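As structure tokens, the structure follows; a few thoughts come after it.
None of the values given here were measured: they were computed from a predicted structure.
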Amino acid sequence: MHIGLPKTATSYLQTIIWAHRDTLRERGVVVPGRERRDHLWASRTVREERKQERAPEPQRTAWDRVCRELADTSGTGLVSHEFFAAASAAQARAMVAALAPAEVHLVVTAREPLGLFAASWQESLKNGATTALPDYGRTVSRRPSDIWNWRTLDLGLVLRRWTEAVPPERVHVLALDPTAPREDVWHRFAGIVGFDTHGIDLAASFPNSSMGVAQAETLRRINARLDGFGSAFDRGVYLRTYLADERLVPQGGERFWPEPDQVADCRERGRASVEYLRSAAFDVVGDLDDLLVPDELDERRVPASVTDAEVAAVAVDLVASMLDDVRSLRQRRGAGAGDDSPGRLARLRGLAGRAGEWARARVSRDDRAG
């Protein structure tokens, strides 16, 4: 079970895993499920999310299907989704019981808390959140349905819950090396699970890139003005992929830190997690020092310093690129350039509303549904 943490190269790893599922099966590793979203939906069942009760049948039955497939096949089974990290201790125990008599091992990818904290705030914005960074992460949620919170980001808290179900000697913590090439995490992950990476093409993997500080603040303000974007599909296709990843990320922008007291909190959480790892027989792959916030940090802005003028500049560029998308989409749909019929304006509005179809044709990311 690869349970995250969120924002620790999970999308990168999952993209490779699902692109090469047949190859992994040939090498003795079974990735159960009909599609990548099955692992997301399985996590919702394990975490007892209420919306699962009203979800379509494929979503409600994903966890049962995953368990049956694992029970009916030999070799090593691999389930991967970062939202499992939010499970309570009782839910973790129930999950392990559902997989009996299999011997369950946990893989936990981890990174230093400050970069993780900033990245998770951005990811929450890509999923429609409106919380300003100075107000983000001030508490630890008690609800397993809450993802963008220290509940899933604090390595020590996650491990304490999950080790009630899986003993430390079967918990493998992969500490991300910030100086290593991107593919390093894939090869070390494969070493933990136990399969050969020879011949596996990594070209299909993708970076989950960050926005600049002004771009992130612009998205936060846009989220506050949206109406009717509550579905996972809308958030994933229109907000995360089209608006954030394809339009705001390419603008570049300045990197940032949270507020000074939040930096101090991240530093303390890192120290506490490393101490906890040293206190028991965890299998740590990598250097524990990579899980600590550096004592010296480079100078960066905080999001609260972003001005209205900066947001306006980002928004102007954004509108220009979106207008170009609408025009191109209209041309692709074969609309006549000189059409002045009564339905022309209505068609243009419809085309604008469907501009995210560009993203749909390209994107298979399913963890975006958070």
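Taking the six-membered ring for Trp, H39 and W18 have ring centres closer than 6.0 Å. Not less than 6.0 angstrom separates the ring centroid of F282 from the ring centroid of W162.
The minimum heavy-atom distance between L277 and V284, with the atom names listed, is CD2-CG2, 4.4 Å. Residues A87 and A92 come closest through the heavy atom pair CB-N, 4.5 Å.
Considering only heavy atoms from C-beta on, C67 comes within 4.5 Å of L99 through its side chain. Counting only heavy atoms from C-beta outward, the side chains of H2 and L13 approach each other to under 4.5 Å. Two residues are said to be in side-chain contact when any heavy atoms from C-beta on lie closer than 4.5 Å; R60 and E53 fail this criterion. Between P32 and D38 there is no side-chain heavy-atom pair separated by less than 4.5 Å. In this structure, the side chains of Q215 and V249 stay at 4.5 Å or more apart for every pair of heavy atoms. You'll find the side chain of L176 stays beyond 4.5 Å of the side chain of D290, heavy atoms only. With a 4.5 Å cut-off on side-chain heavy atoms, S124 and N127 do not count as touching. The closest side-chain heavy-atom distance from V158 to R161 is below 4.5 Å.
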Run the side-chain contact (heavy atoms from CB on, under 4.5 Å) check on V213 and R255 step by step: do they pass?
CA-CA 6 Å; V213 64; R255 302 177 72 183; over 6 Å; no
Derivation of the side-chain contact (heavy atoms from CB on, under 4.5 Å) call for V108 and L159:
CA-CA 9 Å; V108 186; L159 292 177; 4.1 Å; yes
N149 and S141: CA distance, side-chain angles, deciding distance, side chain to side chain donor-acceptor pair (under 3.5 Å) verdict
CA-CA 7 Å; N149 186 274; S141 175; 5.0 Å; no
Go through the steps to decide whether L288 and L291 satisfy the test side-chain contact (heavy atoms from CB on, under 4.5 Å), and finish with yes or no.
CA-CA 5 Å; L288 282 177; L291 301 180; 4.0 Å; yes
List the steps and the verdict of side-chain contact (heavy atoms from CB on, under 4.5 Å) for D283 and V173.
CA-CA 6 Å; D283 175 33; V173 179; over 6 Å; no
Decide side chain to side chain donor-acceptor pair (under 3.5 Å) for S145 and E49; before the verdict, give the C-alpha distance in whole Å, the side-chain angles of both, and the deciding distance to 0.1 Å.
CA-CA 6 Å; S145 59; E49 287 200 9; 5.5 Å; no
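A perpendicular orientation is assigned to the rings of H81 and F83, their planes being inclined by more than 60° (bins at 30° and 60°).
Following chains of ILVMFWY side-chain contacts shorter than 4.5 Å, one cannot reach L248 starting from L323, and the two form parts of different hydrophobic clusters. Connection of V319 to V311 is not established within any shared hydrophobic cluster, with ILVMFWY side chains joined at heavy-atom distances below 4.5 Å, either directly or through further cluster members. Following chains of ILVMFWY side-chain contacts shorter than 4.5 Å, one cannot reach V274 starting from V263, and the two form parts of different hydrophobic clusters. Clustering ILVMFWY residues whenever any of their side-chain heavy atoms sit less than 4.5 angstrom apart, transitively, puts W257 in a cluster other than the one holding L292. Note on V302 and V306: separate hydrophobic clusters, where clusters join Ile, Leu, Val, Met, Phe, Trp and Tyr whose side-chain heavy atoms are under 4.5 Å apart, directly or indirectly.
A salt bridge links D184 with R188; the closest basic N to acidic carboxylate O contact falls under 4.0 Å. At a threshold of 4.0 Å, the pair D245-K126 counts as salt-bridged, since one of the basic side-chain nitrogens sits closer than that to a carboxylate oxygen. A salt bridge between R300 and D298 is present, with a side-chain N of the basic residue lying under 4.0 Å from a carboxylate O of the acidic one. Salt-bridge check for R240 with E123: passed, with a basic side-chain N closer than 4.0 Å to an acidic carboxylate O. Between D22 and R25 there is no salt bridge, since none of the side-chain N atoms of the basic residue sits less than 4.0 Å from a carboxylate O of the acidic one. Residues D72 and R68 are not paired through a salt bridge, judged by the lack of any N-O separation under 4.0 Å between the basic side chain and the carboxylate. Salt bridge present: E217 and R221 bring a charged side-chain N and a carboxylate O closer than 4.0 Å. Ion pairing between a basic and an acidic side chain is recognised when a charged N comes within 4.0 Å of a carboxylate O; R269 and D154 show such pairing. Of the charged side-chain nitrogens involved, at least one lies within less than 4.0 Å of a carboxylate oxygen, so that E310 and R301 count as a salt-bridged pair.
Looking at Q122, its side chain never comes within 3.5 Å of a backbone N or O of A216 through a donor-acceptor pair. Under the 3.5 Å distance criterion, the side-chain polar atoms of T241 are matched with a main-chain donor or acceptor of G236. S273 places no side-chain N or O within 3.5 Å of a backbone atom of G270 that could act as its donor or acceptor partner. Checking side-chain atoms of R111 against main-chain N and O of K7 turns up a donor-acceptor pair under 3.5 Å. One N or O on the side chain of N223 and one on the backbone of L125 form a donor-acceptor pair closer than 3.5 Å. Remark: side-chain polar atoms of R44 are not paired, donor with acceptor, to backbone N or O of R50 under 3.5 angstrom. Judged by distance alone, the side chain of Q262 and the main-chain N or O of L133 form a donor-acceptor pair under 3.5 Å. Distance alone, capped at 3.5 Å, is enough to place a donor-acceptor pair between the S88 side chain and the Q91 backbone. Using a distance-only test at 3.5 Å, with no hydrogens or angles considered, no donor-acceptor pair links the side chain of T163 to the main chain of V166. Proximity of a side-chain donor or acceptor of T10 to a complementary backbone N or O of P6 within less than 3.5 Å is not detected.
In summary, of the residues considered (W148, F256, W150), a ring-ring contact (aromatic ring centres under 6.0 Å, His included) with W121 occurs for F256 alone.
Cation-pi geometry between R160 and Y276 is met: under 6.0 angstrom from the ring centre, within 45 degrees of the axis. Cation-pi check for R47 over F84 is not met; the charged atom does not lie both under 6.0 angstrom from the ring centroid and within 45 degrees of its normal.
Checked against side chain to side chain contact (heavy atoms under 4.5 Å, CB included), H105 has the following partners two or more places apart in sequence or in another chain: E103, R170, H172. For E112, the side chain to side chain contact (heavy atoms under 4.5 Å, CB included) criterion is met by L114, V293, not counting sequence neighbours.
Interatomic distance, Q52 CD to T61 OG1, rounded to the nearest 0.5 Å: 9.5 Å.
Open room surrounds CZ on R143; 12 or fewer heavy atoms of other groups in view lie less than 6.0 Å from it. More than 12 heavy-atom neighbours from other residues, nucleotides or ligands sit within 6.0 angstrom of CZ on R138.
A side-chain N or O of S80 and one of Q14 form a donor-acceptor pair less than 3.5 Å apart. Side-chain contact annotation: Y242 with D325, donor-acceptor N/O pair under 3.5 Å present.
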